[in-house]
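What follows is a single structure, written as structure tokens, with notes after it.
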Amino acid sequence: MAKNIKILKLITGQDLMAEVLPSVAGVVKIKNAIMIVVIPNRVDPKTPNVGFGPWAEFSEDKEFTLDNSHILAIMTPIKEFVTQYNSLFGGIVMPESNLIIP
């Protein structure tokens, strides 16, 4: 399971979700980055859907180094996003509760 999953708001307006790796001054290293995409809801335009899409889809690289000047904010994602992210990258997804069914 990936650790240190964060949302990065870039100066381009893109929102990425990625595993943030140990970095050096002036840069942020990320792994397995995906874009967070807001998709219009045809049934109820006031309630958009959220999806995930590939980022740097034409690159074979899985790790990237971003200059700090290209990042506006780094945020902690909601639990549902982390669960979905972990399922995309082969992590073990744990249920919300520890109920045992007899």
When every non-hydrogen atom of A33 is compared with those of I30, the smallest separation belongs to CB-CD1, 3.8 Å
Quick check: closest heavy atoms across V37 and G53, and the distance to 0.1 Å? CG2-N, 4.3 Å
Just wondering, do L66 and I71 contact through their side chains at under 4.5 Å, heavy atoms? yes
What's the shortest heavy-atom distance between P77 and V82, and which atoms? CG-CG2, 3.5 Å
I'd like to check the salt bridge (charged side-chain N to carboxylate O under 4.0 Å, His left out) partners of K9; sequence neighbours left out, ordered by chain and number. D15
Within-4.5 Å side-chain heavy-atom neighbours: Y85 and E19: yes
How about F81 and F52: are their ring centroids closer than 6.0 Å? yes
To the nearest 0.5 Å, what is the distance between CG on D61 and CZ on F64? 5.0 Å
State, to 0.1 Å, how close L10 and L72 come at their nearest heavy-atom pair, and which atoms those are. O-CD1, 3.9 Å
Nearest heavy atoms of K31 and A18, plus distance in Å: O-CB, 3.6 Å
Taking all non-hydrogen atoms of both residues into account, name the closest pair between M35 and P54 and its distance. CE-O, 3.5 Å
K29 atom NZ, neighbour heavy-atom count above 12 within 6.0 Å: no
